[in-house]
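Side chains included, hydrogens not; waters and symmetry mates left out as well; all remaining heavy atoms used. The first residue in the sequence is number 1, and the count goes up from there.
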Amino acid sequence: MFAFIFSPSQINDDWPGYGLDLFSHPAHYSGDLECVFIPHGVIMDRTERLARNIMDDLGDHDIVVLCVLKGGYQFSADLVDRIKALSRNSSCTILMRVHFIRLKSYLNDQSTEDLHIVGAEDLSFLTGKAIVGTGKTMKTLLKHVEAFRPKMIKVATLLVKRVPNNWACLPDYVGFEIPNRFVVGYALDYNEYFRDLNHICVISESGKVKYKI
C-alpha cells in the first residue's frame, strides 16, 4: 500500500468566486447561481496533474477504476482520459478497467444518513487488483470494497470540503480543498439539476428554492 498524499489546491474561505458574466453558462440557470467557483479550464489542468501523480505511483499496475455515479462521472472520465494519454506516451503503462457504482446520500442540499450502494453487490473481480476510487461518500464504500481483498486501494476526488471531522478518511489524490459551500456543475447536481454546467459554481438561495423537492 502506498502512503503518498498530495496537497490539494486550497481555496480560501473568503474566496468570492468569479463573476458569472466572465464565463459562458446555460441561460436557463439565470438567477440560480451566485458565482463561478472553479472554472472548467482550471479543473482540467488540476485533473491532468492528478493523472500524472497516479501514473508515478501506480504505473505498471493492473488497476480498476471505481467511478461513483452520478456526481463523479465527469471527473472520472476526464481523469481516465488523461491517464490513458500519459500511458500511451510513456514506457510506464497502466492497464485499466472501469466499473460504475452509485451512492445516494443527499436530499436537497443536506447529506443524509440513508446511504444506498447500487452496482457493488459483487465486486469479486477486484481481488488482487489495485483500485482507484473516484467520488464522494467514500468511508462506507471503502469498507464494502475492502471485503473483496484488493491488492491496494487509492481514492481520488476532485473536491474535499473543510467541514468538521472530514479528515478521518482523507483521499490520496485531491483536486481542490474548498470551503463548506454547496457547489454544482461539472456533473455535481442539486436534485438532478446543474449537471450540464462545465464550471463548478455556487448555487444561489433562490436556486435552492426553485429546484427544491
Side-chain angles (χ1 to χ4, degrees), residues 1-12 15 17-18 23 36-101 103 123 125-126 128-139 141-142 145-146 150-162 166-179 183 185-188 195 197-201:
M1 173 72 75
F2 292 99
F4 298 112
I5 302 288
F6 292 90
S7 298
S9 297
Q10 295 185 347
I11 298 178
N12 294 333
W15 168 237
Y18 296 96
F23 300 92
V36 173
F37 211 53
I38 309 176
H40 185 258
V42 176
I43 297 171
M44 293 297 95
D45 285 349
R46 183 62 180 153
T47 301
E48 182 173 352
R49 179 68 262 179
L50 295 181
R52 290 181 181 275
N53 292 341
I54 291 172
M55 279 289 295
D56 289 342
D57 290 350
L58 304 181
D60 294 327
H61 279 281
D62 180 359
I63 71 172
V64 177
V65 178
L66 288 182
C67 173
V68 181
L69 298 172
K70 297 180 183 177
Y73 84 81
Q74 190 64 64
F75 172 60
S76 180
D78 289 335
L79 182 64
V80 167
D81 280 347
R82 276 148 184 78
I83 292 174
K84 289 193 296 186
L86 292 171
S87 184
R88 285 195 299 268
N89 296 287
S90 172
S91 60
C92 181
T93 62
I94 291 182
L95 177 63
M96 286 189 296
R97 296 169 59 188
V98 181
H99 185 77
F100 298 94
I101 58 178
L103 305 180
L123 298 178
F125 60 89
L126 300 180
K129 298 294 192 300
I131 311 302
V132 176
T134 64
K136 62 182 182 179
T137 324
M138 277 292 167
K139 188 174 182 180
L141 178 60
L142 286 176
V145 169
E146 286 170 354
K151 183 177 181 180
M152 69 178 72
I153 302 174
K154 293 291 186 180
V155 178
T157 186
L158 182 64
L159 303 177
V160 167
K161 291 185 180 181
R162 287 192 294 275
N166 201 34
W167 303 108
C169 187
L170 184 67
D172 301 278
Y173 308 98
V174 178
F176 301 94
E177 178 193 305
I178 67 172
V183 293
Y186 193 65
L188 302 174
R195 295 194 194 276
L197 282 170
N198 284 332
H199 315 293
I200 292 178
C201 300

CG/Asp172 to OG1/Thr157 distance, rounded to the nearest 0.5 angstrom?
11.0 Å

Taking every non-hydrogen atom, the tightest pair across Leu197 and Cys201:
CD1-SG, 4.2 Å

Would you say OH of Tyr18 has more than 12 non-hydrogen atoms from neighbouring residues, nucleotides or ligands within 6.0 angstrom?
no

Partners meeting side-chain contact (heavy atoms from CB on, under 4.5 Å) with Asp78 (sequence neighbours left out)
Met44, Thr47, Gln74, Arg82, Tyr186

Reported CD1-to-CD1 distance for the pair Ile94 and Ile83, which is rounded to 0.5 angstrom:
5.5 Å

Which atom of Leu50 lies closest to which atom of Phe75, heavy atoms considered:
CD1-CZ, 3.9 Å

By side-chain contact (heavy atoms from CB on, under 4.5 Å), Arg49 pairs with (sequence neighbours left out) Arg46, Arg52, Asn53, Asp56

Of all heavy-atom pairs between Asn12 and Arg162, which one has the smallest distance, and what is that distance?
C-NH2, 3.5 Å

Rounded to the nearest 0.5 Å, what separation is found between the CZ atom of Arg97 and the CG atom of Asp62?
7.5 Å

Looking at every non-hydrogen atom in both residues, tell me the closest pair between His40 and Asn198 and how far apart they are.
CD2-O, 3.2 Å

Taking only residues two or more places apart in sequence, or in another chain, which ones meet Ile11 in a side-chain contact (heavy atoms from CB on, under 4.5 Å)?
Trp15, Phe37, Ile38, Phe176, Ile178, Pro179

To the nearest 0.5 Å, how far apart are CD1 in Ile54 and NZ in Lys154?
10.0 Å

Can you confirm whether Leu79 sits close enough to Val65 that some side-chain heavy atom of one is under 4.5 Å from a side-chain heavy atom of the other?
no

